[in-house]
Amino acid sequence: MTPRLRFAPSPTGYLHVGGARTALFNWLYARRHGGAFILRIEDTDVARSQAEMVTGILDGLRWLGIDWDEGPEIGGPHAPYFQSERLERYRAAARALLDSGQAFEDGGAIRFKVPPGKTAFTDRVHGPIEFDNEHIESFVILRSDTHPTYHLSVVVDDIDMAITHVVRGDDHISNTPKQVLLYHAFGKTPPSFAHVPLIMGPDKQRLSKRHGATSVMEYEKQGYIPEAMFNFLALLGWGTGSNDELFTRDELIQQFNLDGISGGNAVFNVEKLDWFNHQHLVRLSDDEIVARLRGARLDAWGLGTDTRSASMLALLRPRCKKLTDLPDQLRPFFEDPAAYDADAIKKQLSLPGCADHLRALRGSYEQVEWSEAALERALRELADARTIKAGLLIHGTRIAMTGRMVSPGLFEMLIVLGRDTVLRRLDRLAAFL
RNA sequence: GUCCCCGUCGUCCAGAGGCCUAGGACGUGGCCCUUUCAAGGCUAAAACACGGGUUCGAAUCCCGUCGGGGACGCCA
């Protein structure tokens, strides 16, 4: 039997990292075993659900690279995939339970009649779990407004959609016996369950708004790339068993297994996400980086796939953590400095004669062979001739080029900038001083 | 309060009775490289919650304690 897994969010308007990780585990397992990954929207709470809110979740999944085989927008053999469109199914199921004496009416609602005894199931991450039915109250399955509650709709849909594995958050463990009871009442065998630990904030409290971003799309805005988020989330609560940490989606698919999921909660560690982001960013091709750096400013600059752009990216790649770092670091390659950092001037160019030194360098650079080695040699020879430190010219030139004290390696940057630009900027700074 | 889950470095993950003087990664400190900032290389500090068992031997099994988390809705 090929596995069929599903991610069944309620439409809250965005995909939070916890949900994303759950979706990811389900997806990974389905892809690993050649099964199906189904997306189902649990919008039975009329008061809180709105159709537009679904797009936020779909966008989040798509951004992460999680595609679905059945669900919204594409349909499938078990359509519809919105619970609000399956209400008749639930009503019929509740009626059947009523007819067989396994449920009873209570004030207009229908409650499930919990039998005495114990209810047990084997969890793929926690092992055997058993509940005494006396701790399970006769729960409502159909509200008095004839809308189903979560327990009923999940079980009916998972049966209808032939779901074989339910991978969801730890917080559902105590709901599971109720659902197992429903499977039995319908004469069905429950799927296999895997309850994955929750994601916590740095204070070990459940992740929430006050911890900062909780929506995956929020991370995109901050410059994180999906490859990194995917890798990071996959390793939160799960390990490959090896010492490696950096993986592509395909590598993760090859290695994923439910049994490797750990039982304890996991803290969302942004510093580690940053590291993953840098590592994956460095591995992105120039084309991919350029494609993801959309924006009017980049278009105006003409950053593209030419060799000059490639040279810039080669210099910048090891220096950026987020995609959003790039535009600022790219600016010196396209625009003369609009201003000079006051601290930089003060620290590096406060001595008298600096302007003269820079003019001398400009003179030298007018003729010199345009190669890294030659530019450095010329600069150091000039420094010797004038008995000043090479650092003065190096830092001065850096400020002339960027307006700041920080930049990629000076000489490699000068090569990319080109002689005309370098001479012009040297003149401008000398004049400014 | 009741029920359930969990408890290895600050954080994430290894470890499924001897291979553990507990390993890797992030972060942190130091060193190297160096024209700045990064990146990179090397290196250091850093953990088996506690108490009882079982066993020749326990981070690994059992019990208890403590600690953390979750669930107890006509929310999902």
Side-chain angles (χ1 to χ4, degrees), chain A residues 8-12 19 41-45 47-49 83 106-111 123 125-127 129-132 134-137 139-154 168-178 195 197-200 202 204-206 232 235-246 259-276 278-279 282 315-321 325 329 344 347-348 376 379-380 389-399 402 404-413:
Chain A
S10 47
T12 52
I41 305 300
E42 311 222 320
D43 54 352
T44 54
D45 186 350
R48 287 206 263 164
S49 297
Q83 292 193 327
D106 171 44
I110 298 177
R111 287 179 184 275
D123 191 273
V125 352
H126 297 289
I129 299 178
E130 186 183 82
F131 288 82
D132 195 318
E134 69 181 46
H135 295 300
I136 305 171
E137 62 154 358
F139 54 97
V140 171
I141 52 176
L142 202 70
R143 298 178 244 210
S144 46
D145 66 359
T146 75
H147 278 80
T149 61
Y150 169 67
H151 299 297
L152 212 222
S153 57
V154 180
R168 69 216 317 190
D170 235 350
D171 51 338
H172 283 291
I173 289 183
S174 46
N175 289 152
T176 307
K178 294 178 184 171
H195 288 96
L198 303 178
I199 296 179
M200 315 300 256
K204 305 285 186 68
Q205 293 302 115
R206 206 169 171 164
F232 172 67
L235 262 33
L236 253 197
W238 176 69
T240 62
S242 77
N243 277 338
D244 301 327
E245 304 262 331
L246 231 51
D259 310 289
I261 297 176
S262 59
N265 294 336
V267 171
F268 191 95
N269 181 192
V270 197
E271 282 75 42
K272 191 152 186 178
L273 208 212
D274 286 346
W275 178 78
F276 273 114
H278 175 255
Q279 295 299 329
V282 164
L315 298 186
L316 263 21
R317 207 181 244 109
R319 284 163 234 274
C320 67
K321 267 193 162 54
D325 295 340
Q329 296 177 322
K347 186 166 181 192
Q348 306 292 353
E376 178 161 8
L379 181 145
R380 289 187 190 283
K389 288 187 171 177
L392 180 100
L393 289 175
I394 289 173
H395 297 307
T397 305
R398 188 194 316 287
I399 294 169
T402 67
R404 291 179 289 202
M405 275 189 290
V406 174
S407 83
L410 183 65
F411 302 105
E412 43 188 4
M413 180 171 64

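Under the 3.5 Å distance criterion, the side-chain polar atoms of A/Thr146 are left unmatched by any main-chain donor or acceptor of A/Leu142. A donor-acceptor distance shorter than 3.5 angstrom exists from the side chain of A/Ser153 to the backbone of A/Tyr150, with no hydrogens or angles considered.
Judged by distance alone with a 3.5 Å cut-off, a donor-acceptor contact links the side chain of A/Asn175 to the base of B/A76. The base of B/C74 sits with one of its N or O atoms less than 3.5 Å from a complementary donor or acceptor on the side chain of A/Ser144.
Note: A/Leu236 CG to A/Phe268 CZ = 7.0 Å, rounded to the nearest 0.5 Å.
For the P atoms, the distance linking B/G68 with B/G52 amounts to 23 Å, nearest Å. Taking atom P on both B/C62 and B/C20, the two are 24 Å apart, rounded to the nearest angstrom. A distance of about 30 Å separates the P atoms of B/G73 and B/C63, rounded to the whole Å. Using atom C1' as the reference point in both B/U8 and B/C50, the two lie 15 Å apart (nearest Å).
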### Message
At under 4.0 Å between heavy atoms, how does the protein contact nucleotides 7-24 of chain B? Give one character per nucleotide, 5' to 3', with B, S or -.
### Response
----SBSS--------SB
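For A/His135 and A/Ala8, each mapped to the nucleotide of RNA chain B holding its nearest heavy atom, the one lying further toward the 5' end belongs to A/His135.
At least one side-chain nitrogen or oxygen of A/Arg111 sits closer than 4.0 Å to the OP1 or OP2 atom of B/C74.
Taking A/Glu245 as the reference, A/Leu235, A/Lys272, A/Trp275, A/Phe276 meet the side-chain contact (heavy atoms from CB on, under 4.5 Å) condition, with sequence neighbours excluded.
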